[in-house]
Amino acid sequence: VLSALKDLSNEDFILRLRPTLSFYGGKPKSSKFIGVSLEPRTGRWYATIWDSVTKRQLHLGSFDCTEDAARAFDRAALHFRGANAKTNFPREQYTHDPV
């Protein structure tokens, strides 16, 4: 268990030490990134996005670090929302991505 913790970023390490549910028992802890939350049972980060056409939340995958989950959200946001997308990282990072 300790060997898995030493490879985490500071933010991931701190968030994994915190309780996974809020004091009042509801919402899972989320990261500072849009569309990224911590799965309490597995301790992995997952990314989701709302598809306004089908009116469903799409699961984009689970990831070891928040940054990877945030990039998955960004790619999906650019695909679904185009120029109106709010992204976690600068859009220039995704100009060569085959979306």
Side-chain angles (χ1 to χ4, degrees):
V1 173
L2 292 177
S3 62
L5 293 176
K6 77 176 181 181
D7 295 331
L8 297 175
S9 68
N10 288 340
E11 179 191 30
D12 290 343
F13 180 77
I14 290 168
L15 286 171
R16 288 202 186 183
L17 292 177
R18 291 182 188 162
T20 55
L21 296 178
S22 70
F23 179 77
Y24 295 104
K27 187 177 176 186
K29 295 287 181 188
S30 62
S31 78
K32 64 181 180 179
F33 296 112
I34 304 167
V36 177
S37 296
L38 181 65
E39 170 55 55
R41 291 174 291 152
T42 63
R44 290 176 52 96
W45 296 98
Y46 65 94
T48 58
I49 192 167
W50 181 257
D51 182 359
S52 59
V53 175
T54 63
K55 306 224 184 312
R56 292 181 180 232
Q57 189 174 29
L58 300 176
H59 178 75
L60 303 173
S62 61
F63 305 87
D64 291 325
C65 68
T66 57
E67 291 84 4
D68 291 342
R71 285 185 182 88
F73 173 85
D74 287 355
R75 288 181 179 102
L78 291 168
H79 174 75
F80 285 109
R81 300 184 181 124
N84 296 327
K86 292 182 182 176
T87 59
N88 294 299
F89 298 105
R91 292 173 195 222
E92 295 78 34
Q93 292 185 8
Y94 307 105
T95 54
H96 299 294
D97 278 3
V99 178

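Residue numbers count from 1 along this sequence. If you're wondering where the values come from, they're calculated on a predicted model, not measured in any experiment. Because only heavy atoms are used, hydrogens play no part in the values below, and waters and symmetry mates are left out as well, while side chains stay in.
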Next on the checklist: Which heavy atom of A69 sits nearest to which heavy atom of A47, and what is that distance?
Outcome noted: O-CB, 3.4 Å
Would you say that [X] contacts [Y] through its side chain, given a criterion of any heavy-atom pair below 4.5 Å between the two side chains?
{"X": "Q57", "Y": "D51", "answer": "no"}
{"X": "F33", "Y": "F89", "answer": "yes"}
{"X": "R81", "Y": "I49", "answer": "yes"}
{"X": "E67", "Y": "W45", "answer": "no"}

Checklist entry - Is L78 reachable from F73 through a run of I, L, V, M, F, W or Y residues, each pair having side-chain heavy atoms under 4.5 Å apart? => result no
Mind checking the [atom1]-[atom2] spacing from [X] to [Y]? Nearest 0.5 Å is all I need.
{"X": "T48", "Y": "L60", "atom1": "OG1", "atom2": "CG", "result": "6.5 Å"}
{"X": "K55", "Y": "W50", "atom1": "NZ", "atom2": "CH2", "result": "8.0 Å"}
{"X": "T87", "Y": "Y94", "atom1": "OG1", "atom2": "OH", "result": "6.5 Å"}
{"X": "D74", "Y": "K86", "atom1": "CG", "atom2": "NZ", "result": "13.0 Å"}

Item to check | Side chain R91, main chain A83, donor-acceptor under 3.5 Å | outcome: yes
